[in-house]
Amino acid sequence: MSATIAMNGDAGRPDLDKGLGLVGTIGFVAAIVVALLYVAYSIYADASAAGVEPTTYLPFILLFVALLIALGFEFVNGFHDTANAVATVIYTNAMPANVAVVWSGFFNFLGVLLSTGAVAFGIVSLLPVELILQVGSSAGFAMVFALLIAAILWNLVTWWFGIPSSSSHTLIGSIIGVGVANAMMHGKSGTAGVDWSKATEIGQALLFSPLVGFGLAALLFLAMKILIRKEELYREPKDGVPPPPWIRALLIFTCTGVSFAHGSNDGQKGMGLIMLILIGTVPTAYALNRAVPERYTIEFHQNSLAAAAALGVPPMVGADPVLGRREITRYIADRQLSNATLPALSVLIRDVDRQVSEYGSLAKVPAAAVSNIRNDMYLSAEAIKRLGKDERAGLSDAANATLATYRGSLDAGTRFIPTWVKVAVAFALGLGTMIGWKRIVVTVGEKIGKSHLTYAQGASAELVAMGTILGADHLGLPVSTTHVLSSGVAGTMAANRSGLQMSTIRNLAIAWVLTLPVSIALAGFLYMLFSQIIA
């Protein structure tokens, strides 16, 4: 048996060489131009509405470059990861390849637009707190450039060799690399630069996703064989002949679901990083949510008073908010509770409440105060999140519930994603889906099992992938479409006793093992390099 299934006359390889055509290519290029113009106009309109008057164009040049790189990551993510969604419909003749990738691209687009945003800010919270607070500085730009370029490079390497590796895995590794490098550059231990509790939580989601994909897809396939006794469902597709209508509808449904779920989960990673870039370069327009309802200020004041009281420390009249900010930053960075932590948080909560009440609403906060208020709100929210898991704080369940309500008010004021950011990421991910997919599709369709993919195997793998990704999206966790889908295909092959091509499985395992250390090392090196260049 060769590395690729020897296709016979009954189950020939589908036509993978039919492109978009002249009209499709023109439309593709036009969509890219329109998307870039839309992004530029949206930033201009938001900055003008917020009264931003640039004194130098360097930050905006860096902003444009950073946005291009961030959208480039989503574009590469599109053709790297979404090929998994279309492999099954292509290799079962449910849809022609050129139609399938456009179909998948459209539903990726919709998935991004309708996403919750929870994953976006989960990714951002992995970054070192000092870099988040100074994201508009040279160190902040070095951070964004390093982690995105590292992720893009590793994605391109694995794509070139046709290995379905995880873009999520790569991005997490790049973020850890930047955190470790930043800590070491400031004379700290490498482990001090990363939120390891959050990294562990995300790492577990990425670790278990292929196991879930393999096991559940195998079980679902076996259940289908017992419950659905339709012999045609378990046959190999005939050369160029579409499956029966009901099977075709099932496969198109699963392809649609995986594409939508991929967009809703993976698209958010780019959104979170784009918001970080915007907050750093145009804080007046993007650091605070100026579209909160009118009742927000009153509710925020009430929640602030309740949160300060829930901490159980007496109010410190005349306390310096700068010292409070410094203590909370330290607590978030090293996760060591001290006697000063709760009083410092109380001071910070009251100071933010005072400023918001004085200005009347977030929309009226002057440009000079925006960054400080946003940073204080972010620090308060992160500190409350950590205190909820810190038994040493000695807070009751009622106190933690009150603080969680206050944290919701903080998030409403700082964690928002403008519609144009969603549209831009949706375009990048959707358009990326339409090119470069062939290498990964061939691997999933031909190189995992020793027999041709059957209709039931394709449906089982994609149903499990769709459910797993949507569940992770609901929980705010990034999960790998690649891991779930490719391991799901392997699970159905094992369940059917079709045999696995161990050379491919070995390559997948090697890529899975190497992704974290390579992306960590590459991002760390690039961060140190860019820190010197941009400084």
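Side-chain atoms are counted along with the backbone in the values below, which use heavy atoms only and exclude waters and symmetry mates. No experiment lies behind these values; they were computed from the predicted model shown. In what follows, residues are counted from 1 in the order of the sequence shown.
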All ring-ring contact (aromatic ring centres under 6.0 Å, His included) counterparts of [X], not counting sequence neighbours:
{"X": "Phe73", "answer": "none"}
{"X": "Phe214", "answer": "none"}
{"X": "Phe416", "answer": "none"}

Of all the heavy-atom pairs spanning [X] and [Y], show the shortest one and how long it is.
{"X": "Ala146", "Y": "Ala523", "result": "CB-O, 3.7 Å"}
{"X": "Ala344", "Y": "Glu327", "result": "CB-CG, 3.6 Å"}
{"X": "Val86", "Y": "Cys255", "result": "CG1-SG, 4.3 Å"}
{"X": "Glu74", "Y": "Leu429", "result": "O-CD1, 3.3 Å"}
{"X": "Ser174", "Y": "Ala151", "result": "OG-N, 3.6 Å"}
{"X": "Val112", "Y": "Gly263", "result": "CG2-O, 3.3 Å"}

Review point. Who passes side chain to side chain donor-acceptor pair (under 3.5 Å) against Trp103, sequence neighbours left out?
Key: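 Scan of Trp103 (side chain to side chain donor-acceptor pair (under 3.5 Å), adjacent residues dropped) gives Thr256.
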
Practice item. Evaluate the criterion side-chain contact (heavy atoms from CB on, under 4.5 Å) for residue pair Asn77 and Leu171; output intermediate values, then yes/no. Key: CA-CA 11 Å; Asn77 187 4; Leu171 186 61; over 6 Å; no

Review point. Would you find more than 12 non-hydrogen atoms of other residues, nucleotides or ligands less than 6.0 Å from Tyr44 atom OH?
Key: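 Incorrect, the count does not exceed 12.
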
Check your understanding: So with a 6.0 Å cut-off around OH of Tyr296, is the heavy-atom count from everything else above 12?
Key ->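 Buried by this count: over 12 neighbours within 6.0 Å.
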
Review point. So, Tyr527 versus Phe145, ring centres under 6.0 angstrom or not?
Key: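 Ring centroids of Tyr527 and Phe145 are no less than 6.0 Å from each other.
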
Practice item. May I have all residue pairs that pass salt bridge (charged side-chain N to carboxylate O under 4.0 Å, His left out) and include part of residues 112-128, sequence neighbours excluded? Key: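 Output for this query is empty, none listed.
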
Check your understanding: Taking 4.0 angstrom as the limit, do Glu382 and Arg415 come out as a salt bridge?
Key ->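 The answer is yes: the pair qualifies as a salt bridge.
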
Practice item. Evaluate the criterion side-chain contact (heavy atoms from CB on, under 4.5 Å) for residue pair Ile69 and Val144; output intermediate values, then yes/no. Key: CA-CA 9 Å; Ile69 296 174; Val144 172; over 6 Å; no

Is any side-chain heavy atom of [Y] closer than 4.5 Å to one of [X]?
{"X": "Leu36", "Y": "Leu68", "result": "yes"}
{"X": "Ile149", "Y": "Phe530", "result": "yes"}
{"X": "Leu387", "Y": "Leu337", "result": "yes"}
{"X": "Thr170", "Y": "Thr158", "result": "no"}
{"X": "Val39", "Y": "Phe64", "result": "no"}

Check your understanding: Short question: side chain of Thr341, backbone of Ser338 - any donor-acceptor pair under 3.5 Å?
Key ->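 Checked: pair present.
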
Practice item. Answer yes or no: is there a donor N or O on one side and an acceptor on the other, between the side chain of Ser264 and the main chain of Ala261, under 3.5 Å? Key: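 Yes, because the side chain of Ser264 sits within donor-acceptor range (under 3.5 Å) of the backbone of Ala261.
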
Kindly compute the distance separating [atom1] ([X]) from [atom2] ([Y]), expressed to the nearest 0.5 Å.
{"X": "Ile349", "Y": "Tyr406", "atom1": "CD1", "atom2": "OH", "value": "5.0 Å"}
{"X": "Ile384", "Y": "Leu403", "atom1": "CD1", "atom2": "CG", "value": "5.0 Å"}
{"X": "Tyr331", "Y": "Leu342", "atom1": "OH", "atom2": "CG", "value": "8.0 Å"}
{"X": "Ser259", "Y": "Leu110", "atom1": "OG", "atom2": "CG", "value": "10.5 Å"}
{"X": "Met528", "Y": "Asn182", "atom1": "CE", "atom2": "CG", "value": "9.0 Å"}
{"X": "Ile175", "Y": "Leu147", "atom1": "CD1", "atom2": "CG", "value": "5.5 Å"}

Exercise for review: Just grab all the side-chain hydrogen bond (donor to acceptor under 3.5 Å, both in side chains) pairs involving residues 148-157, residues at least two apart or on different chains.
Suggested key: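 As it turns out, the side-chain hydrogen bond (donor to acceptor under 3.5 Å, both in side chains) pairs with a partner in residues 148-157, which skip direct neighbours, are Trp154-Thr515, Asn155-Ser167.
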
Check your understanding: With sequence neighbours left out, which residue pairs that include part of residues 370-381 fulfil the side-chain hydrogen bond (donor to acceptor under 3.5 Å, both in side chains) condition?
Key ->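 For residues 370-381, and leaving out neighbouring residues, the side-chain hydrogen bond (donor to acceptor under 3.5 Å, both in side chains) pairs sorted by first residue read Arg325-Asp376.
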
With [X] via side-chain contact (heavy atoms from CB on, under 4.5 Å) - residues at least two apart:
{"X": "Ala31", "answer": "Phe427, Leu431"}
{"X": "Ala381", "answer": "Arg407, Leu410, Asp411"}
{"X": "Ala70", "answer": "Leu148, Ile274, Ile277"}
{"X": "Gln336", "answer": "Arg330, Asp334, Arg392"}

Side-chain atoms of residues 284-291: list all donor-acceptor pairs with protein atoms under 3.5 Å, sequence neighbours left out, distances to 0.1 Å.
| unit_1 | atom_1 | unit_2 | atom_2 | d |
| --- | --- | --- | --- | --- |
| Tyr286 | OH | Asp46 | OD2 | 2.6 |
| Asn289 | OD1 | Ala291 | N | 3.0 |
| Asn289 | ND2 | Ala412 | O | 3.2 |
| Arg290 | NE | Thr284 | O | 2.9 |
| Arg290 | NH1 | Ala363 | O | 2.4 |
| Arg290 | NH2 | Thr284 | O | 3.0 |
| Arg290 | NH2 | Val365 | O | 3.4 |

Practice item. Would you please test Leu63 and Leu278 for side-chain contact (heavy atoms from CB on, under 4.5 Å) and show each step? Key: CA-CA 7 Å; Leu63 168 63; Leu278 292 171; 3.9 Å; yes

Point to revise | Mutual orientation of the aromatic rings belonging to Phe106 and Phe109 [parallel < 30°, tilted 30-60°, perpendicular > 60°] | key: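 Phe106 vs Phe109 ring planes: parallel.
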
Exercise for review: Let me see the working for Val258 and Phe107 under side-chain contact (heavy atoms from CB on, under 4.5 Å), right down to the final yes or no.
Suggested key: CA-CA 9 Å; Val258 172; Phe107 283 97; over 6 Å; no

